[in-house]
Chemist: 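Got a structure for you, written out below as structure tokens; questions coming shortly.
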Amino acid sequence: MSSCRVGLRLAACLLNISEARKKYVVENIAKAALLERNGQRHPEVSVLNIFSDPEYNRSVITIAASIDELGNSVLAACLEAFQSIDMEIQEGIHPCLGAVDLIPIYPLSGVGVEECGAVARSLAENLIRSVPGCSVFLFGEADLPEKRPLVQRRKQLGWFTRRDFSSLTPDLGPAPARRCGLTACFRAL
């Protein structure tokens, strides 16, 4: 992706998924972010980095794109993740909540935080329509009108202790399904 074009409006997502031990699964999720709906490589989307921690069984896939394409790219990666990761059998020392654990959206160039929040909220809405059992909690600019920060939401949800989500009411979607777990979508600083 070229960043030298005048007026290119860029954002990034540090997609956190609950898999690191199966390299092919992580790579397939990253590849899904790079493809358009017709299966062709998208020219304005890049996977900048993949960090995997096998002990935590968690990977972070850094996806950068024009703000207009980022939501679709991340959605494709999330759909692949939900098909490939089953939270009922997932193991790792990281206290993750879902197959797709966190979806933070960051402004890079020519994009404001409010626009990133709108992309995060739209992505969350598309996820619950596309993935049966997917439920989402919102943070930051995606969490309107409260705009609650990640730290506050983590405390509210018992982020580092809870594995039974049946008593939680998500911001979007049904009660969390055990296979999917819980996904957090937000615009981060």
Chemist: For atom CD of E88, decide whether the heavy atoms of other residues, nucleotides or ligands shown that lie under 6.0 angstrom number more than 12.
Modeler: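 Yes, enclosed.
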Chemist: Shared ILVMFWY cluster between V45 and V47, side chains joined below 4.5 angstrom?
Modeler: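 Looking at the clustering, V47 is in the same group as V45.
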Chemist: Not counting sequence neighbours, which residues clear salt bridge (charged side-chain N to carboxylate O under 4.0 Å, His left out) with E146? List them please.
Modeler: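 So E146 forms no salt bridge (charged side-chain N to carboxylate O under 4.0 Å, His left out) with any residue.
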Chemist: Same cluster for V131 and I17 if Ile/Leu/Val/Met/Phe/Trp/Tyr side chains link at under 4.5 Å?
Modeler: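 Yes, same cluster.
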Chemist: In Å and rounded to the nearest 0.5 Å, what is the CD to NZ distance from Q152 to K147?
Modeler: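 Atom-to-atom, Q152:CD and K147:NZ are 14.0 Å apart.
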Chemist: Which atoms form the tightest heavy-atom contact between P170 and F137, and what is the distance?
Modeler: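 In this case the closest contact between P170 and F137 is CA-CZ, 3.4 Å.
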Chemist: SG of C116 to OH of Y106: how many Å apart, nearest 0.5 Å?
Modeler: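 Output value for this atom pair is 10.5 Å.
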Chemist: Hey, does C13 have a side-chain heavy atom less than 4.5 Å from the side chain of T62?
Modeler: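 The answer is no; the side chains never approach within 4.5 Å.
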Chemist: Please report the C-alpha distance between L75 and S73 in whole Å, then the side-chain angles of each, then the deciding distance to 0.1 Å, and finally whether the side-chain contact (heavy atoms from CB on, under 4.5 Å) criterion is met.
Modeler: CA-CA 5 Å; L75 178 62; S73 178; over 6 Å; no
Chemist: Kindly say whether A20 contributes a backbone atom to a donor-acceptor pair with the side chain of D53 at under 3.5 angstrom?
Modeler: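 It does not hold such a pair.
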Chemist: Does the side chain of V111 come within less than 4.5 Å of L10's, by heavy atoms?
Modeler: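 They are not in side-chain contact.
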Chemist: Side-chain contact, heavy-atom cut-off 4.5 Å: R148 with D171?
Modeler: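 The answer is yes, as the side chains (C-beta and beyond) meet within the 4.5 Å cut-off.
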Chemist: For Q83 versus R179, what's the shortest heavy-atom pair and its separation?
Modeler: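 Heavy atoms of Q83 and R179 come nearest at O-NH2, 3.0 Å.
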Chemist: Do V100 and N16 touch side chain to side chain, with heavy atoms closer than 4.5 Å?
Modeler: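 Of all side-chain heavy-atom pairs linking N16 with V100, none is under 4.5 Å.
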Chemist: Out of curiosity, E44 CD to L70 CG, how far, rounded to the nearest 0.5 Å?
Modeler: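 That separation rounds to 12.0 Å.
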Chemist: Nearest 0.5 Å, please: how far is CG in L102 from CG in L150?
Modeler: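 The distance works out to 6.5 Å.
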Chemist: Is there side-chain contact between I103 and V74, with heavy atoms separated by less than 4.5 Å?
Modeler: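 Yes, side chains in contact.
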Chemist: I'd like to know if the side chain of S84 reaches the main chain of E80, judged simply by a donor and an acceptor atom lying under 3.5 Å from each other, with no hydrogens or angles considered.
Modeler: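 Yes; judged by distance alone, with no hydrogens or angles, the pair exists.
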Chemist: Donor-acceptor pair, D101 side chain versus G98 backbone, under 3.5 Å?
Modeler: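 Judged by distance alone, yes, a pair lies under 3.5 Å.
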Chemist: With the side chain counted from C-beta on, respond yes when I63 and L48 share a heavy-atom pair under 4.5 Å apart, and no when they do not.
Modeler: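 Heavy-atom side-chain distance check fails, nothing below 4.5 Å.
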Chemist: Can you tell me how far the SG atom of C134 sits from the CG atom of N126, to the nearest 0.5 Å?
Modeler: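 The SG atom of C134 sits 10.5 Å away from the CG atom of N126.
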Chemist: With heavy-atom distances below 4.5 Å as the criterion, would you say the side chains of S18 and Q90 are in contact?
Modeler: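 Contact flag for S18/Q90 side chains = yes.
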Chemist: side-chain contact (heavy atoms from CB on, under 4.5 Å) between R153 and D143: does it pass, once the steps are laid out?
Modeler: CA-CA 10 Å; R153 293 308 308 267; D143 179 36; 4.2 Å; yes
Chemist: So does G112 get a backbone contact from the side chain of R9, meaning a donor-acceptor N/O pair under 3.5 Å?
Modeler: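 Not at all, since once roles are kept as given, no pair shorter than 3.5 Å links the two residues.
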Chemist: Any link between L15 and I85 through a network of hydrophobic side chains (Ile, Leu, Val, Met, Phe, Trp, Tyr) touching at under 4.5 Å?
Modeler: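 L15 and I85: one cluster.
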Chemist: Which heavy atom in S130 sits nearest to a heavy atom in P132, and how many Å separate them?
Modeler: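 Closest heavy-atom pair between S130 and P132: O-CD, 3.7 Å.
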Chemist: Honestly curious: do L79 and V119 fall in one hydrophobic cluster under the side-chain, below-4.5 Å linking rule?
Modeler: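 Unlinked, L79 and V119 end up in two clusters.
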Chemist: Quick one: does S59's side chain have a donor or acceptor within less than 3.5 Å of a partner on E19's backbone?
Modeler: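 Flag set: sc S59 to bb E19 pair under 3.5 Å.
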Chemist: Are any side-chain N or O atoms of R41 and backbone N or O atoms of E36, one a donor and one an acceptor, separated by less than 3.5 Å?
Modeler: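 It does not hold such a pair.
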Chemist: Which heavy-atom pair separates S135 from A175 by the least distance, and what is that distance?
Modeler: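 Closest pair (atom of S135, atom of A175, distance): OG-C, 4.2 Å.
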Chemist: Kindly list each side-chain donor-acceptor pair under 3.5 angstrom involving residues 24-35, sequence neighbours excluded, with atom names and distances?
Modeler:
{"residue": "N28", "atom": "ND2", "partner": "Y24", "partner atom": "O", "Å": "3.3"}

Chemist: Just so I know, are the side chains of L138 and L172 near enough to count as touching, which here means a heavy-atom distance under 4.5 Å?
Modeler: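 Heavy-atom side-chain distance check passes, below 4.5 Å.
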